[in-house]
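Every chain is numbered from 1 and lettered A, B, ... according to where its sequence line falls, protein lines coming before strand lines.
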There are 2 protein chains.
Amino acid sequence: MTQKTSNYITKLRNSKLRPTKQRIKICEALFDRSETFHFTIRDLYNLLTNNLVHKISLATVYNTVHAFKNSGYLKQINIDSNNNYFDTNTSHHHHFFDETNNELIDLKNEDIKKIELKKIIPGKKIKSVEVLVKIEPE
Amino acid sequence: MTQKTSNYITKLRNSKLRPTKQRIKICEALFDRSETFHFTIRDLYNLLTNNLVHKISLATVYNTVHAFKNSGYLKQINIDSNNNYFDTNTSHHHHFFDETNNELIDLKNEDIKKIELKKIIPGKKIKSVEVLVKIEPE
DNA sequence: ACCTAATTTATAATCATTCTAAACTGTAAG
DNA sequence: CTTACAGTTTAGAATGATTATAAATTAGGT
Ligand SMILES: [Mn+2]
Ligand SMILES: [Mn+2]
Ligand SMILES: [Zn+2]
Ligand SMILES: [Zn+2]
């Protein structure tokens, strides 16, 4: 077993999932990458089923992605009601969104000045701060 | 005809819509307010049909809200894939989102330090910058 | 090898949104 | 005041993403 595969098995076990062949294939599609991967469930499903002889059902893709999201191995990114994205970059960061091709681009935390709020809501604490920069051709 | 009503008729005509009784009722629900109104289509539909003798169809609510969005009298706010909100405050501003009750709260532009990006995407210009601050009970 | 709970899968159900087409209405010309 | 007709409303159908279901299959322990 490769180093990568045992890493996938760890991720799966941490997510309370048994390492099945379908889930390993999903891990390969998600995590065997040098760059951040931004995807919709449909993107991932198409990617998986185009290359594979043994298809993986859509339900399994949904289940696995959501389990990874819940265990923190994937981040969910809300762009608009038409596009529900996930992100393999789970560090704190923001995004550019190019509406011409529906592409997400990472904006590293150090590429943006710290967001400073002058207003607070009494009795509430901040859970997250997300910045979305929509871009278009010049 | 009241001042308010003629204002609604102006909004409707600017949105290329004839002032029908259904649309005037929708305007009253949306714009006859002192505070910003954040709502989902379902919220608005329930509000309208609970108080009214003559019901308005869901299709008309969708059509009118989208026409107002397209003409700039309403802003669409993307929180997550489950909640598609609209906002009667069309000025540039950001939001708190309280996940315990799904409530949006305006964060005035002057209540947040200007967002400064140190990264740009060549050939692209910025279309919008949106900040969403999720909050939870302390 | 056997047992059992977990998993996969096809399919159905759900839900928001959009589409459709028939009935209705506002407007303006005759 | 009629009439004509484009614009509007509406119920219901269609769509598409997501979630639920339940039967068949599989993984992992004994
Ligand atoms: Mn895509
Ligand atoms: Mn609400
Ligand atoms: Zn990212
Ligand atoms: Zn607002």
Engineer: Less than 6.0 angstrom from the centroid, inside 45 degrees of the normal: does K75(A) satisfy that with respect to the ring of F86(A)?
Structural biologist: no
Engineer: If you compare every side-chain N and O of N63(B) against the phosphate oxygens of dT9(D) (OP1, OP2), does one of them come in below 4.0 Å?
Structural biologist: no
Engineer: For dG26(C), does either OP1 or OP2 sit under 4.0 Å from a side-chain N or O belonging to R13(B)?
Structural biologist: no
Engineer: Rounded to whole Å, how long is the line connecting atom CG of N83(A) with atom P of dT17(C)?
Structural biologist: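 Taking atom P of dT17(C) as the reference, CG of N83(A) is at 14 Å.
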Engineer: For R42(B) and dT17(C), is the shortest distance between a side-chain N/O and OP1 or OP2 below 4.0 Å?
Structural biologist: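 It does not, given that no N or O in the side chain of R42(B) lies less than 4.0 Å from OP1 or OP2 of dT17(C).
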Engineer: Rounded to whole angstroms, how far apart are OH on Y62(A) and C1' on dT9(C)?
Structural biologist: 15 Å
Engineer: Would you kindly give the CZ-to-P distance between R23(A) and dA6(C), to the nearest whole Å?
Structural biologist: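 Rounding to the nearest Å, CZ of R23(A) and P of dA6(C) are 11 Å apart.
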Engineer: For the pair D43(B) (side chain) and T40(B) (backbone), establish whether a donor and an acceptor sit closer than 3.5 Å, ignoring hydrogens and angles.
Structural biologist: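 Yes, because the side chain of D43(B) sits within donor-acceptor range (under 3.5 Å) of the backbone of T40(B).
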Engineer: Between P on dG16(D) and CG on N82(A), what's the gap in Å once rounded to a whole number?
Structural biologist: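 Distance check: N82(A) CG to dG16(D) P gives 12 Å.
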Engineer: Within this structure, what is the OH-to-P distance between Y45(A) and dG16(D), rounded to whole angstrom?
Structural biologist: 16 Å
Engineer: Measuring to OP1 and OP2 of dT19(D), would you say a side-chain N or O of H66(A) lies under 4.0 angstrom away?
Structural biologist: yes
Engineer: Among dT7(C), dA11(D), dT9(C), which is the nearest nucleotide to the side chain of S57(B)?
Structural biologist: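 My answer, after comparing the listed nucleotides, is dA11(D).
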Engineer: Check every strand shown and say whether T60(A) touches a base, only sugar-phosphate, or nothing at a heavy-atom separation below 4.0 Å.
Structural biologist: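 Base contact.
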Engineer: Quick test of your reading of the model: are K124(A) and E138(B) salt-bridged, counting only N-O distances below 4.0 Å?
Structural biologist: no
Engineer: For dA16(C), take OP1 and OP2 only and decide whether either is under 4.0 Å from a side-chain N or O of N84(B).
Structural biologist: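 Result: no.
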Engineer: Nearest-nucleotide wise, let me know which of L58(B) and P19(B) is further upstream toward the 5' end of DNA chain D.
Structural biologist: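 This one resolves to P19(B).
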Engineer: As a test of understanding, state which of D106(A), N89(A), T88(A) forms a side chain to side chain donor-acceptor pair (under 3.5 Å) with H38(A).
Structural biologist: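 Of all the options given, the one that passes is D106(A).
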Engineer: Tell me whether the side-chain N/O atoms of Q22(B) come closer than 4.0 Å to OP1 or OP2 in dT10(D).
Structural biologist: yes
Engineer: Specify the residue among K16(A) and T20(B) whose closest nucleotide of DNA chain C lies further upstream toward the 5′ end.
Structural biologist: K16(A)
Engineer: What is the separation between atom OH on Y85(B) and atom P on dA16(C), rounded to the nearest whole Å?
Structural biologist: 12 Å
Engineer: Answer yes or no: does a side-chain N or O of R18(A) lie under 4.0 Å from OP1 or OP2 of dT26(D)?
Structural biologist: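 False: R18(A) side-chain N/O out of range (4.0 Å or more) of dT26(D) OP1/OP2.
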Engineer: Taking NZ from K55(B) and C1' from dA11(D), how many angstroms apart are they, rounded to a whole number?
Structural biologist: 15 Å
Engineer: As a test of reading the structure: which of dG26(C), dA20(D), dT18(D) is closest to the side chain of I41(A), going by heavy atoms?
Structural biologist: dT18(D)
